[in-house]
2 protein chains.
Amino acid sequence: MDVRALQTLRAVRTQGGVTGAAAVLHLTPSAVSQQLAGLTRDAGVPLTERVGRGLRLTAAGDALADAALDVAVALERARSACAEFAGSPTGTVRVSAFQSAARLLLPGLLTRVAARGGIAVECADEDVAQDAFPALADRHDVVVAHRPAEGPAGWGDGVRVVPLLREPMDVAVPVDSPLAARAALAPADLDGAGWIAVREGFPVARVLDDIGVRAGTVPRVVQRINDFHVVEALVAAGHGIALLPRYSCGGHPGVRLVPLAGVRAGRQVDALVRPDVAERRVVGVVLDELVALAAELRRA
Amino acid sequence: MDVRALQTLRAVRTQGGVTGAAAVLHLTPSAVSQQLAGLTRDAGVPLTERVGRGLRLTAAGDALADAALDVAVALERARSACAEFAGSPTGTVRVSAFQSAARLLLPGLLTRVAARGGIAVECADEDVAQDAFPALADRHDVVVAHRPAEGPAGWGDGVRVVPLLREPMDVAVPVDSPLAARAALAPADLDGAGWIAVREGFPVARVLDDIGVRAGTVPRVVQRINDFHVVEALVAAGHGIALLPRYSCGGHPGVRLVPLAGVRAGRQVDALVRPDVAERRVVGVVLDELVALAAELRRA
DNA sequence: CCTGTCGATGTAGCGTCGCTTCATGGACGT
DNA sequence: ACGTCCATGAAGCGACGCTACATCGACAGG
C-alpha cells in the first residue's frame, strides 16, 4: 500500500478529479491514474467509479482516503519528532488569504514572523467560492477563509479549523443618503433598496438572503461585485447599498457604514489547515502568530 | 521520509542491530545500513550511534522509531479500511508460543480457527529469554509469552499485551517423597532442598528467587533445565524438586504437584502483538479465539 | 602483540518501479 | 456530427534500492 498513492487518492477527492489532483501534486494525469490503478489493485476493491467524464470515490475509496489522512498525520508527526532535536523550527510556510483578510492580516503576520527569524512566509491571495476553500489547502499550508458567522462551520472534515475573527457586517450607504444619518438600520428600513451583492456561491452571499428572510422580502440585487473596493466606489456613486465587513474595509470617503439592528449579520474568518501540515512545527508557529494577531486586532 | 526506512529503524531497535533487523526484514545488512543513512539524511540529526562494534539509537532515533510505530498503525488501519468492503477476513497469521503454552493452546486454537474457515495459522514454538520475547513480534504476528505473575508486565511499550492465563506454580516432588503427602507446602518446608530451575534470564526463573527472599534463604539450585518434561523426569528420579506450572504440565506418574502456601507464585501467560499487526482483521480474529480458548481452559 | 571473527558501512552493478510523452476511447455541449 | 474535456492505456527512460563484494574498526583468544 503505497503512501504516495494514498495521498494522491486524498487529492483526487478534494480536487474532484484526476486532472485537478495531478495539478496540485505536480504530476501528469496519467501518473495519477496509474497510482490509482495500483492502489485499487492491492486494495482488492474498486476505489473510484466513473461518473460522466469524470470520476468519484466509492464508499471504500472514501474510507481509504480518510485513513490516508491519518497516515499523513502520522508521517508528519514522525518528521517533527526528530525536528524536536534539530533546533528551532525553520522552513517556509505558504499562506493564502482572500483579498480583504490579506489586506488586514498579512502585513502584520509577515512582520511578526520575521521578528522570530528563520521562517519564510510565501503569501498568496485567493478568493474562491465557499465550497472551494478546503481544496485550497492542497496548494497552501494555511488558508484564510470566510463564511457566514451564523450557522455551522461547514468546512468539510478534511481540514482543521482555527477561528480568527468574527466581523459584523454593516450596511454601506452613501454619505449623502438620508440613511447615513441613522445610528442603526433595521431590515424594514432597507425594504426596496437596491443591493450590491457578491457573486452567487461566494462567502457572505447568504448573509444578505438571511436578512431578506427576516424582513419578509427578497432583497433586490442590482449588481454582483466581489471586490469590496469596487463595491465602495459604486455605493459612493449612489448605485446601491451593500453589506460590508466593518473592519477590513478601509473607509471610502463617500461611504458610511451603519450598523444593522434587529438581526445578527456577520462573517467568520477562519484559518484552514490540513491536519497533516498542522503537525509541522513551523506551521504551528505561523498559526500561533496569526491567532495572536487576530486577537490583537479584535481588541483594537 | 521513507516509510520502509522508518519500519527498518523500528526493527533495528527491537532487534538490537543492523544484522538482526536485516534478518527479520529479509534484507542484507547493507540495505538496512543504506536505509538508515538515507533516513538520517532527511531527518537532519543522527539517529544511531556506534557502541562497540554494534550500534544504538540516539534519543532522536528513539523518538522517530516511536513515531514509526504510529505510522505503521495508520497504514494498517488504511489497509483494513477497505478490507471492510472486501468481505470476511482472510489470510494467514503467524503464531508463536513457548513450548508448554504451545502444547496447551495451539491444538485448540487451530480447530477453533479452522471452524471459521478462510484463515490459515502458521505455528511455531519459540522459547527465549524473557527480554527477547518482544523482539519475536517482528517475526510472528502473535507471540505467546510468559512472565512472573507478580510484578509489572515488563514487556516494553512496543507491543500490545493481551492477558491469557494466570497459572499458579506448584512444587513438583517425587511421589515417594514425604513431601508428596502434604496438602500444601510453605517456603520453610522446602529449606535446604535441591532445586531444578530454569536457565538464568528465562521467564519464571525469578519466581524461585522470590520464594527464597520470603523464606529468608537463597534456594540451592542443583540443575538448570528449561524443558518441563525433562524436569519432571529428573524430579521423579529424585534429583531435586522444582517449580512447575499447574495446568500445562501433563502429570508424569512419578511426580506430584503440591500447592505452595504462604506465598503467591505464578506465571502469567500473555499474547504479544505489535500494534500495527493488531490492526489486521485476521489477527484480531485469531486473537479473539485465543482469549476465548484461554477463558474456556480457565473454567476447566 | 598479533590474528581471527563479528558487525557495520562503503562501492559497483543490476533490476524494478514510477514518471513523462503520446495515443486512444468515451461523455458532454454546441 | 464535431470539437472538447477527461480519464486511461503503451512505450521509453531515468532514478532508486537492492545484492554482492570489499573495507574498516572492535573485541576475544593464542
Side-chain angles (χ1 to χ4, degrees), chain A residues 1-43 45-58 60-62 64-65 68 71-72 75 132 135 138, chain B residues 1-43 45-58 60-62 64-65 68 71-72 75 78 132 135 138-139:
Chain A
M1 200 136 300
D2 181 22
V3 177
R4 272 175 61 64
L6 282 174
Q7 304 318 312
T8 299
L9 180 69
R10 226 185 32 64
V12 168
R13 176 169 63 177
T14 60
Q15 300 299 319
V18 170
T19 308
V24 301
L25 296 173
H26 306 293
L27 288 175
T28 59
S30 181
V32 172
S33 186
Q34 289 173 42
Q35 289 192 9
L36 256 51
L39 203 59
T40 306
R41 183 167 37 74
D42 53 41
V45 288
L47 302 174
T48 59
E49 54 190 0
R50 311 246 2 190
V51 44
R53 42 187 171 185
L55 57 74
R56 175 183 59 197
L57 300 202
T58 63
D62 209 51
L64 190 56
V71 172
L75 253 175
D138 281 338
Chain B
M1 196 125 315
D2 181 22
V3 177
R4 272 175 61 63
L6 282 175
Q7 304 318 311
T8 299
L9 180 70
R10 228 186 32 65
V12 168
R13 176 168 65 175
T14 60
Q15 301 299 318
V18 170
T19 308
V24 300
L25 296 173
H26 305 292
L27 290 175
T28 60
S30 180
V32 171
S33 186
Q34 289 174 42
Q35 289 192 9
L36 255 50
L39 202 58
T40 306
R41 185 167 35 75
D42 53 42
V45 288
L47 301 173
T48 59
E49 55 190 359
R50 310 244 5 188
V51 43
R53 41 187 172 186
L55 57 73
R56 176 182 59 197
L57 299 202
T58 63
D62 209 51
L64 190 56
V71 172
L75 253 176
D138 282 337
R139 250 198 310 280

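A, B, ... follow the sequence lines: proteins, then strands. Residue 1 opens every chain.
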Report the residues that fulfil salt bridge (Lys or Arg N to Asp or Glu O under 4.0 Å) with [X], sequence neighbours left out, ordered by chain and then residue number.
X     : value
A:R50 : none
A:D62 : A:R13
A:R53 : none

DNA chain C: 5'-most and 3'-most nucleotides touching chain A, 4.0 angstrom heavy-atom criterion: C:dC19 to C:dC28

Footprint string (nucleotides 2-19 of chain D, 5' to 3'): B base within contact, S backbone only, - free, heavy atoms under 4.0 Å: --BBSSBBB-------BB

Taking side chain to side chain contact (heavy atoms under 4.5 Å, CB included) as the definition, give me every residue that meets it alongside [X], ordered by chain and number, with sequence neighbours left out.
X      : answer
B:S33  : none
A:L75  : A:V3, B:M1, B:V3, B:L6, B:V71
B:A135 : B:Q15

Sequence neighbours excluded - side chain to side chain donor-acceptor pair (under 3.5 Å) pairs with any residue from residues 16-32 of chain B: B:S30-B:Q34

